[in-house]
Amino acid sequence: MRWSHAFIPTLRDDPADAEAASHRLLVRGGYVRQLMSGVYSLLPIGHRVRSKVMAIIREEIDAIGGQELLLPALHPREIWERTGRTEAMADILFTLNDLRGGAAVLGPTHEEIFTTIATELTSYKQVPQLWYQIQTKFRDEPRPKAGLLRVREFTMKDSYSFDIDTAGLDLQFDRHFAAYTRIFARLGVTAVPVEASSGSMGGSDSVEFMVPSPAGEDDVVHCPACDYAANVERATSAIPAVEDDPGPDQPERFPTPGVRTIADLVEFEGGAAADRQIKTLVYVLDGEATMVLLRGDHELQEQKLQDASGAVEVRPAHPEEIRELLGAGAGSLGAVGVSGPRIFADLQLAERTNMVTGANLDDHHLRGVDVARDIAVTEWMDLRTVVAGEGCPECGEPLEVFRGIEAGHIFKLGTKFSEALGATVLDADGESVPLVMGSYGIGVERNMAAVVEMNHDERGIVWPVSVAPYEVVVTVVKMNDDDTVAAADRIYERLGEAGVDVLIDDRTERPGVKFNDAELIGIPYRLTVGPRGLATGNVELSVRRTGERTELPIGTVVEEVARLVAENR
RNA sequence: CGGGCUGUAGCGCAGCUUGGUAGCGCGCUUGCUUUGGGAGCAAGAAGUCGCCGGUUCGAAUCCGGCCAGCCCGACCA
């Protein structure tokens, strides 16, 4: 490609509303332009990178036996109603009506549709199957952000496995784990596999691949000493037990005027340390008011509450709902003697005695509470949010927490979808059994952004050779010098013939502009061709990542660079 | 959905308080000079001032409504 005829609209100034490095650099480098909130156009070099990312993913999924197909983005709403996910995904589902009065949705994922295809499987002899597509997804995210990292229309590689039993599923899951590991390595990103919540997918088990980045949206708990890593939505930790006094025979009510928070009660004369308080929250789970109890110094992890309760809709209760339920305002709530609503308690409250909690009377608390004796706990659950420094649940060493981008997510689905949609086969005994499914997703544009997040410097993007829009740029220093232009043209032509993706910067710009643009858009190798080098029969090779420069003889430069590119693809 | 902020030329911004010719930098066009790290001089082109309504002799500016975008939170395969 000749830069003089290419559409690569680089910007000198950073776009005003881009915060994340990948957002800023992809816009400034002429890779993408925003059309509306969460919707981006990919310009020519952006499209080239996307194509290379997709090619890598395709190779790796093909290598584990995937068969590529292509399903529609437009779905009948009825299929989604059959699995209950018009409700479960209501907040992100684009819905529309067609002119015949039919109801449709734009697919946010494709379990329903792949499973519908899988109803044509009839015998255990036909499985295992592994099907995938690379296709557009639509999710009406409430808050798109950070350029390509969270958008409303995007490309996803989604694969689905169908097996006769869980042993088959486990095998397909492990193969995907390995394929994803290879994909991220080839993309030039570090992706940490972590235990994750399955969220609205349901299913038994899931692993997220998290790319460490401040632009990420998830907190990942990991242990530097062993391999333990988990999304904070699911992470557990080992923390020391609190030693309690037995306390009095029954709770004692005492006035606490003005005390509204855990911290207030710590300060209050006659109050208690935070780890000796019971924090009482009220949530509405699928319409049912539920009390949620934690140790005073612990934070609720809402995803754990949702997962443990199986609720679809989880929200904090409104102040008026709380008062109607318990007769007091937040700040004076407690579960002692409460018998109406369900009471979910965090495991860290088990066996605790002599605790302090609200009295369900404004400005009053109870002390001397024995959890087992005084509170009718409906169910014990792990509900607390792990924080850095707590002990690893596997080895006890202090845990660390980092921000990460969810670059891929693989699920063991089980039979949720096959049962709902009737995807069954006859087994060897002639029994009809639902197929055991897995689903495996990786976002194409999000991974483009993740690559940039992990591969940039103050000058711009530093693409790995594997996904660079062009592998080499030939920079013509002096366009009005015939010998320079001719030499650069020959190198450009011969690199192309050698199979290298090469761009020649033949614009009539000053050298500084060309160098800066080449570094901004992040081409891995630059060959600088100018009169100064040609005088000694050389051209200069610059390596974008290291800044290293070497003079190469013009006679061997093409084969040398072609070899360098091939080695690093 | 709650809070904060912003819409003025392709990009980045000023002007709005106090109503009266729509500006600056970069980029773009033409010419000359320049050319190994974002050149200089000169002459130009380009804007429904987000949209609708109101006040006024007159609105980018004041008032009302709406729309869009960004950030924080909530939310989120």
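Letters A, B, ... are given to chains in the order of the sequence lines, protein chains preceding strands, and every chain is numbered from 1. These numbers were taken from a predicted model, which means no experiment stands behind them.
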On RNA chain B, check which nucleotide each of A:E302 and A:M36 is closest to and give me the residue with the more 5' one. A:M36
My understanding is that a pair needs two contacts under 3.5 Å, Watson-Crick or G-U wobble. By that rule, which nucleotide pairs with B:rA14? none
Lys/Arg N to Asp/Glu carboxylate O, A:K416 vs A:E111, below 4.0 Å: no
Is a salt bridge present between A:D170 and A:K412, judged by a nitrogen-to-oxygen distance below 4.0 Å? yes
So, do A:V387 and A:V401 sit near enough that their side-chain heavy atoms are less than 4.5 Å apart? no
Taking a pair as Watson-Crick or G-U wobble with both distances under 3.5 Å, which nucleotide is matched to B:rA60? none
Do A:R234 and A:D382 meet the salt-bridge criterion of a basic N to acidic O distance under 4.0 Å? no
When you check every protein heavy atom under 4.0 Å of nucleotides 28-38 of chain B, what one-letter string (B, S, -) results, 5' to 3'? S-----BBBBB
Here's a test of your reading of the structure: between A:S37 and A:Q306, which maps to the more 5' nucleotide of RNA chain B? A:S37
Counter-base of B:rG27, judged by Watson-Crick or G-U geometry with both distances under 3.5 Å: none
Can you tell me the base-pairing partner of B:rA45? Count Watson-Crick or G-U wobble geometry only, both distances below 3.5 Å, and say none if there is no partner. none
When you measure from the side-chain N and O atoms of A:Q303 to the phosphate of B:rC75, is any distance below 4.0 Å, counting only OP1 and OP2? no
Flag the pair A:D483 and A:K478 as a salt bridge only when some basic side-chain nitrogen lies within less than 4.0 angstrom of an acidic carboxylate oxygen. no
Would you check if the distance from the ring center of A:F177 to the ring center of A:F209 is below 6.0 Å? yes
For A:D13 and B:rG27, give me the distance from atom CG to atom C1', rounded to whole Å. 9 Å
N/O contacts under 3.5 Å, protein versus nucleotides 42-50 of chain B?
none

Does B:rC72 have OP1 or OP2 sitting under 4.0 Å from an N or O in the side chain of A:R143? yes
May I ask you to say what A:A146 touches in the nucleic acid, namely base, sugar-phosphate or nothing, with a heavy-atom cut-off under 4.0 Å? sugar-phosphate
Has A:W463 got a side-chain atom pairing as donor or acceptor with A:Y470's backbone, closer than 3.5 angstrom? no
Salt-bridge contact A:D218-A:R403 (side-chain N to carboxylate O under 4.0 Å): no
Provide the distance between the two P atoms, one in B:rA43 and one in B:rC5, to the nearest whole Å. 43 Å
Could you please name the partner base of B:rA68, counting Watson-Crick and G-U wobble pairs only when both distances are under 3.5 Å? B:rU6
Tell me whether A:E112 is salt-bridged to A:R82, with the criterion being a basic N under 4.0 Å from an acidic carboxylate O. no
